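The structure appears below as structure tokens.
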Amino acid sequence: MDKRIKQVIEFYGLNIRQFEQKIFASEGQIYKYLSRKGGLNSETLVKILENFPSLNPDWLLLGKGEMLRQQNPA
């Protein structure tokens with residue numbers, strides 16, 4: 001999942017600290033996770049999905065499908 005989180009950060013043009021701030025994570029939490037010195041809890045994953053609603057949860061959590069949700073035609 002670390003590769004997918006890196007993709008999200010890059011896609012939105014953020015650095016790691018900006019991403020942490022956007023999801024209200026503690027400073028260094030995502031950095032530690034990406035450098036394999038920590039884990040992510042379910043609360044953090046929920047915060048990512050809440051603050052980036054266009055993300056496909058199946059992609060983020062399971063690596064299935066496309067990164068972004070399909071847009072429903074109006």
Side-chain angles (χ1 to χ4, degrees):
M1 185 177 353
D2 58 329
K3 290 178 185 178
R4 293 188 296 278
I5 290 178
K6 286 179 186 179
Q7 282 181 278
V8 171
I9 293 169
E10 289 175 17
F11 179 81
Y12 286 99
L14 303 171
N15 63 39
I16 294 173
R17 184 62 195 134
Q18 290 169 325
F19 182 75
E20 290 170 336
Q21 290 172 332
K22 177 99 172 131
I23 65 167
F24 304 99
S26 60
E27 187 171 350
Q29 181 181 1
I30 300 300
Y31 175 80
K32 287 177 187 173
Y33 171 73
L34 294 176
S35 60
R36 308 235 189 251
K37 295 179 184 171
L40 289 183
N41 59 33
S42 59
E43 182 180 326
T44 302
L45 294 171
V46 169
K47 287 180 184 180
I48 292 170
L49 293 170
E50 286 176 340
N51 288 286
F52 295 92
S54 62
L55 287 178
N56 177 354
D58 288 338
W59 175 82
L60 181 64
L61 302 174
L62 306 171
K64 295 181 179 180
E66 300 295 321
M67 180 171 79
L68 300 178
R69 295 177 189 247
Q70 294 289 331
Q71 296 294 326
N72 292 329

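All figures in this text were calculated on a predicted structure; none of them were measured in a lab.
- The two residues Met1 and Leu60 make their nearest non-hydrogen contact at CG-O, 3.4 Å.
- Note on Leu40: it clusters hydrophobically with Met67, by side-chain heavy-atom contacts below 4.5 Å among ILVMFWY residues.
- Across all their heavy atoms, Glu20 and Gln29 have their closest contact at OE2-N, 3.1 Å.
- A ring-ring contact (aromatic ring centres under 6.0 Å, His included) check over residues 16-48, counting only residues at least two apart or in different chains, returns the pairs Phe19-Phe52.
- Here CZ of Arg17 is found 10.0 Å from CD1 of Ile30. Values are rounded to the nearest 0.5 Å.
- Shown here are the salt bridge (charged side-chain N to carboxylate O under 4.0 Å, His left out) partners of Asp58, two or more places apart in sequence or in another chain: there are none.
- Within the model, atoms CD1 of Ile5 and NZ of Lys3 stand 13.5 Å from one another, a figure rounded to the nearest 0.5 Å.
- Nearest heavy-atom pair across Arg69 and Leu55 is NE-O, 3.1 Å.
- Val46 and Leu49 are assigned to two separate hydrophobic clusters, defined by single-linkage of ILVMFWY side chains at heavy-atom distances under 4.5 Å.
- In this structure, the side chains of Asn56 and Lys64 stay at 4.5 Å or more apart for every pair of heavy atoms.
- Between Asn41 and Thr44 the shortest side-chain heavy-atom distance falls below 4.5 Å.
- Classification of Glu50 and Lys47 as a salt-bridged pair fails, no side-chain N sitting under 4.0 Å from a carboxylate O.
- The CG atom of Leu14 lies 10.5 Å from the CD1 atom of Ile23; values are rounded to the nearest 0.5 Å.
- Annotation for Lys6 and Leu34: closest pair CG-CD2, 3.9 Å, computed over non-hydrogen atoms.
- In this structure the side chain of Asn15 reaches within 4.5 angstrom of the side chain of Gln18, judged on heavy atoms.
- When each of Arg36, Lys32, Lys37 is tested with Asp2 by the rule salt bridge (Lys or Arg N to Asp or Glu O under 4.0 Å), just one qualifies, namely Arg36.
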